Q: 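Following this message is one structure expressed as structure tokens.
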2 protein chains.
Amino acid sequence: MAVCELISNNGFDAVTVARTAATAGISVGLVQHYFRTKDEMLLHAFHHVSTHVRHRIDKRIQAGIEHRRPIAKVLAAGMAELLPLDATRRTEFRVMRAFAGRALDVPALAEVDIETARALRADIAQAVRNGKECGEVEPDLDPWPAAVRLAAVTDGLALQVYRDPDGVQGVPAKELAASILDAELGVTFTGQCQQYDSRKDRL
Amino acid sequence: MAVCELISNNGFDAVTVARTAATAGISVGLVQHYFRTKDEMLLHAFHHVSTHVRHRIDKRIQAGIEHRRPIAKVLAAGMAELLPLDATRRTEFRVMRAFAGRALDVPALAEVDIETARALRADIAQAVRNGKECGEVEPDLDPWPAAVRLAAVTDGLALQVYRDPDGVQGVPAKELAASILDAELGVTFTGQCQQYDSRKDRL
DNA sequence: GGATATACCGTATAGCCATACGGTTTTTAC
DNA sequence: GTAAAAACCGTATGGCTATACGGTATATCC
């Protein structure tokens, strides 16, 4: 999507209807044909990248399930997918962040933002519940606080990795993030998977 | 500052030189007299709120030290200061976030953003070191990963509290955040404070 | 093949924006 | 008191923006 290209290269302010059209190689009129207003265009773009990131994570999770890997490991991989650890994800992060920043003021964007976050949290909670069933998680643990916490560290870690891509105090960002995520998951996923009945759960 | 008022009421896009002047009750010319460009004005505003939030936290920490409270408790209070748990902090959060979103594209803003984050992280690390000295923290624990982790959860938690001010699954945001912060601090601060030599450490 | 819809274009326009500039008032310094 | 500096104002203006609009090509259907 041309919008994302512009955001990641020149910032959100550079996204004008005219420039977007030019970047996409079409005319202003055609953009108007597809989107009645600029906001509609932005909303569509936001929705687009949101679901794109989601699908990327879902795919990774699906693969993990098929290979019967421990849930904690699958989660770790999925969450790492949200960290700007390479050029691609860094670009993605910039775009998502720019949108999220705008979502503070534009209700239509905020809706998508909240919905995306909620869905992620719900899926993490489901993963914790699955963890209980197969013995990786203590049976009486409430999955929601854990899900909120895990979503929070991922979010916060992403920002830190973005700001200091080279890491902190000599420790590369990648390793630092991985160890923190592992530790964080270790708080919740304390046991080892016994058996996993692969139902249709997404996580 | 008029800039912040505009951002929190009408969003970042509403911040124009003319409107800022009107909000502040002065003329456009005077704004230009103080700031050569709009960017300069924005940068000043960002710097202003950054240090303001910082001072608020520092004060709370200073009070905690004077009352000889456990470092973990002081840290918890300081970090909670960053969460949008009431109207004031919610406004502050909006402003900070809007700036942070812009900082992705404007190098001058990014610099302030990074510097602020680094300072916070450094102070948390110092708190962990202090914790070691008085027995709250295991002596051989590396303070940096812990600091990164704690900064990350605070950041991420702030966003979640903002998005879902009413909490998750019936648990109010305030309690949820407090319990998560406590749990997170509990991972690092495992012991009890024996004695604390109140030096000039800021945390 | 004609009609209807959809894809697509280029230009016009009214509004808002940051900034430039020349002026006036107030304060400061001696 | 007076001169210099700082605070302060109001009005251009040129550029960029979203959007409106009228038109042309192209596909789709009967």
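As the structure is a prediction and not an experimental result, all values here were calculated from the model. In what follows, every chain begins at residue 1, and chains take the letters A, B, ... in the order their sequences are listed.
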Q: If you check the B:H33 side chain, which of C:dC9, D:dA6, C:dT6 turns out closest?
A: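 Closest nucleotide to the B:H33 side chain: D:dA6.
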Q: With side-chain contact (heavy atoms from CB on, under 4.5 Å) as the test, would you mind laying out the steps for A:F12 and A:L42 before giving the verdict?
A: CA-CA 10 Å; A:F12 206 107; A:L42 255 25; 4.1 Å; yes
Q: Starting from P on C:dA18, measure out to NZ on B:K38 and report it in whole angstrom.
A: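 After rounding, the gap between these two atoms is 4 Å.
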Q: Could you give the CD-to-C1' distance, from A:E40 to D:dT19, as a whole number of Å?
A: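 Atom CD in A:E40 sits about 13 Å away from atom C1' in D:dT19.
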Q: What's the CZ-P distance between B:F35 and C:dA20, to the nearest Å?
A: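 That distance rounds to 16 Å.
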Q: Among D:dC8, D:dA18, C:dT19, which nucleotide has an atom closest to any side-chain atom of B:V28?
A: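 It is C:dT19.
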Q: Can you establish whether the number of heavy atoms outside B:K174 located under 6.0 Å from its atom NZ is more than 12?
A: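 Count not over threshold, so no.
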Q: Rounded to the nearest Å, what distance is computed from the CD atom of residue A:Q32 to the C1' atom of nucleotide C:dA12?
A: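 To the nearest whole Å, that distance equals 12 Å.
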Q: Take atom CZ of B:R36 and atom P of C:dC21, then tell me their distance rounded to the nearest Å.
A: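 Between P of C:dC21 and CZ of B:R36: 14 Å.
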Q: Tell me the interatomic distance from B:L30, atom CG, to C:dT19, atom C1', rounded to whole angstroms.
A: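 For the pair B:L30 CG and C:dT19 C1', the rounded distance is 15 Å.
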Q: How close or far is atom P of D:dC9 from atom CD1 of B:I26, stated in whole angstroms?
A: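 B:I26 atom CD1 is separated from D:dC9 atom P by 7 Å.
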Q: Would you check if the side chain of B:R163 reaches a backbone N or O of A:A117 as a donor-acceptor pair within less than 3.5 Å?
A: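 Answer holds: no.
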Q: Side chain of A:V17, heavy atoms from C-beta onward: which of C:dA20, D:dT19, D:dA6 has the nearest atom to it?
A: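 Nearest nucleotide to the side chain: D:dT19.
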Q: Take the protein atom CZ of B:R19 and the nucleotide atom C1' of C:dA18, then report the distance between them rounded to whole Å.
A: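 One finds 13 Å between C1' of C:dA18 and CZ of B:R19, rounded.
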Q: So if I take every side-chain heavy atom of B:T16 and compare against D:dT19, C:dA18, C:dC9, which nucleotide ends up nearest?
A: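 Closest nucleotide among those given: C:dA18.
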Q: More than 12 heavy atoms of other residues, nucleotides or ligands under 6.0 Å from NZ of A:K132: is that the case?
A: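 Atom NZ in A:K132 is packed in, count exceeds 12.
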Q: May I ask you to evaluate whether B:Y34 reaches the phosphate of D:dA6, defined as a side-chain N or O under 4.0 Å from OP1 or OP2?
A: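 Checking D:dA6 against B:Y34, no side-chain N or O comes under 4.0 Å of OP1 or OP2.
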